[in-house]
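Input: a single structure, listed below in structure tokens.
In this chain, residues are counted from 1 in sequence order.
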Amino acid sequence: MKKSKVITFEPKERLFEKASSYIESLELFLEEHDKAVPLLLKALKYANDELRQEIIMLLGSFAKQEMALPLYQIIADPNENEEIRHSASIQLSVIFPFLRDPQPLIDHLLEDLKSPDPKLRVYASFALGWEGNVQAAIPLIELLYDSDIDVQTTAVNALSNLRDDRIFDLMVERMENGPREQKRCILFNLWRFYSKQKEVISVYLDYLDHEDPELRFDALVLLRSVAETDDYVPAYRKCLRDTNPRIRALALKELHKASKDKLLGLKKDIEAMLSDPDMEVKQAAVKILTKLKTKSTTQARKSRSSDL
């Protein structure tokens with residue numbers, strides 16, 4: 001008698017298939033939540049990086065308490081994929097405010113800030129950067145002076161995420177003596193201090209005169225994100241004389257948004273840009289002059305119509 005063939009399935013394959021079904025169907029995940037969570041946590045240990053990223057996002061959104069320790073374990077594992085560690089640290093910072101008792105994990109991460117491994121200091125900083133986590137403020141401030149530039153810039157991001165306006169002055173002070181990479185990072189994070197908008201704008205205006213053209217360009221980009229063009233036309237006008245063509249072009253593009261009255265006062269300056277050696281600058285100047293001409297023609301037609 002022939003023995004019947006038994007087809008054996010690889011358990012991990014079935015595990016991954018079920019995990020994928022939960023990721024594809026949120027309704028199924030919520031319906032089978034109690035068994036879905038442990039299955040996904042198990043799959044997290046063996047899946048490929050793409051599937052693991054998706055599991056981290058799903059569980060981080062709907063199983064915060066169960067996911068906290070696994071996320072920390074990923075962060076703390078030096079053999080783990082760097083992108084996965086990065087995702088885990090960000091996700092942990094998101095779920096921290098929702099945990100019933102976050103203190104044990106916070107304590108671990110605060111210790112990790114002292115690790116000789118700069119990568120662990122980076123991921124621990126990311127994880128501790130969430131609104132209201134005041135106990136992390138001083139340890140993160142200390143990392144502004146870390147020997148590793150990645151740790152320094154991560155500390156800037158984390159401190160900004162605390163949403164504590166008392167840190168603003170320290171950030172600005174650090175810009176005076178910090179390395180270039182840290183200055184850039186601080187510039188790009190100052191807008192987070194909502195109640196300090198006037199002070200933030202003042203910093204951006206000051207940096208329009210910085211000796212580093214890249215920092216001047218960054219300041220110009222950031223100024224337009226927090227302030228109305230019409231309110232700072234003189235600053236944009238000054239940028240038309242900048243030695244960097246990227247800055248001149250960006251200033252013209254921003255001035256294109258200004259009101260007609262403001263632009264008419266700059267008409268001679270803009271006409272002068274038609275002889276600029278940079279083609280992008282010339283094109284931006286032509287667009288503004290065309291806009292002024294079009295508006296003037298339209299208003300003249302309206303005036304003639306009203307006279308009739």
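Hydrophobic clustering (side-chain heavy atoms under 4.5 Å, transitive across Ile, Leu, Val, Met, Phe, Trp, Tyr) groups Leu28 together with Leu44. Tracing side-chain contacts under 4.5 Å through hydrophobic residues (I, L, V, M, F, W, Y), one never reaches Leu105 starting from Phe98; they form parts of separate clusters. Val94 and Leu109 fall into different hydrophobic clusters, where Ile, Leu, Val, Met, Phe, Trp and Tyr side chains are chained together by heavy-atom contacts under 4.5 Å. In this structure, Met175 is not a member of the same hydrophobic cluster as Ile149, with clusters built from ILVMFWY side-chain heavy atoms closer than 4.5 Å.
No salt bridge links Glu131 with Arg192; every basic N to acidic carboxylate O contact stays at or beyond 4.0 Å. Between Arg166 and Asp164 a salt bridge is recorded (basic side-chain N to carboxylate O distance below 4.0 Å). A salt bridge does not link Asp209 to Arg216: none of the charged nitrogens lies less than 4.0 Å from a carboxylate oxygen. Taking a cutoff of 4.0 Å between a charged side-chain nitrogen and a carboxylate oxygen, Arg14 and Glu17 do not qualify as a salt bridge.
Expressed to the nearest 0.5 Å, how far CG of Leu223 lies from CG of Leu205 amounts to 5.5 Å.
Within 6.0 Å of atom CD in Gln73, more than 12 heavy atoms from other residues, nucleotides or ligands are found, so the atom counts as buried in its surroundings. Residue Lys45 qualifies as open at atom NZ: its count of foreign heavy atoms under 6.0 Å is 12 or below.
Judged purely by distance below 3.5 Å, without hydrogens or angles, the side chains of Tyr22 and Glu27 never pair a donor atom with an acceptor atom. Between the side chains of Thr153 and Gln182, no donor-acceptor pair is found at a separation under 3.5 Å.
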Got a list of side-chain donor-acceptor pairs under 3.5 Å for residues 58-72, not counting sequence neighbours?
residue : atom : partner : partner atom : Å
Ser61   : OG   : Met57   : O            : 2.9
Lys64   : NZ   : Ser61   : O            : 2.7
Gln65   : OE1  : Arg100  : N            : 3.0
Tyr72   : OH   : Asp112  : OD2          : 2.8

Show me the side-chain donor-acceptor pairs of residues 270-279 shorter than 3.5 Å, one per line, residues at least two apart or across chains.
residue : atom : partner : partner atom : Å
Ser275  : OG   : Ala272  : O            : 2.9
Asp276  : OD1  : Arg248  : NH2          : 3.0
Asp276  : OD1  : Asp278  : N            : 2.8
Asp276  : OD2  : Arg248  : NE           : 2.8
Asp276  : OD2  : Arg248  : NH2          : 3.3
Asp278  : OD2  : Glu280  : N            : 3.0
Asp278  : OD2  : Val281  : N            : 3.1

Would you give me the side-chain donor-acceptor pairs under 3.5 Å for residues 133-140, sequence neighbours excluded?
residue : atom : partner : partner atom : Å
Asn133  : ND2  : Leu128  : O            : 2.9
Gln135  : OE1  : Gln103  : NE2          : 3.0
Gln135  : NE2  : Gln103  : OE1          : 3.2

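Judged by distance alone, the side chain of Ser93 and the main-chain N or O of Ile90 form a donor-acceptor pair under 3.5 Å.
The ring pair (Phe, Tyr, Trp, His ring centres under 6.0 Å) search around His256 returns none, not counting sequence neighbours. Residues forming a side-chain contact (heavy atoms from CB on, under 4.5 Å) with Arg246 (at least two apart in sequence, or on another chain): Glu214, Phe217, Asn244. Under the side-chain contact (heavy atoms from CB on, under 4.5 Å) criterion, Pro118 pairs with Arg121, Asp148, Val151, sequence neighbours left out.
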Going through the distances and angles, do Lys183 and Glu176 end up as a side-chain contact (heavy atoms from CB on, under 4.5 Å)? CA-CA 8 Å; Lys183 288 179 180 179; Glu176 295 179 10; over 6 Å; no
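Each of Glu254, Lys262, Lys257 was scored for a side chain to side chain donor-acceptor pair (under 3.5 Å) with Thr229, with one residue passing: Glu254. Exactly one residue among Asp206, Leu190, Leu222, Val226 makes a side-chain contact (heavy atoms from CB on, under 4.5 Å) with Ile201. That residue is Val226.
In plain terms, the two heavy atoms of Leu187 and Tyr204 that are nearest each other are O-OH, 2.9 Å. Nearest heavy-atom pair, Leu292 versus Lys267, reported as atom, atom and distance to 0.1 Å: CD1-CG, 4.5 Å.
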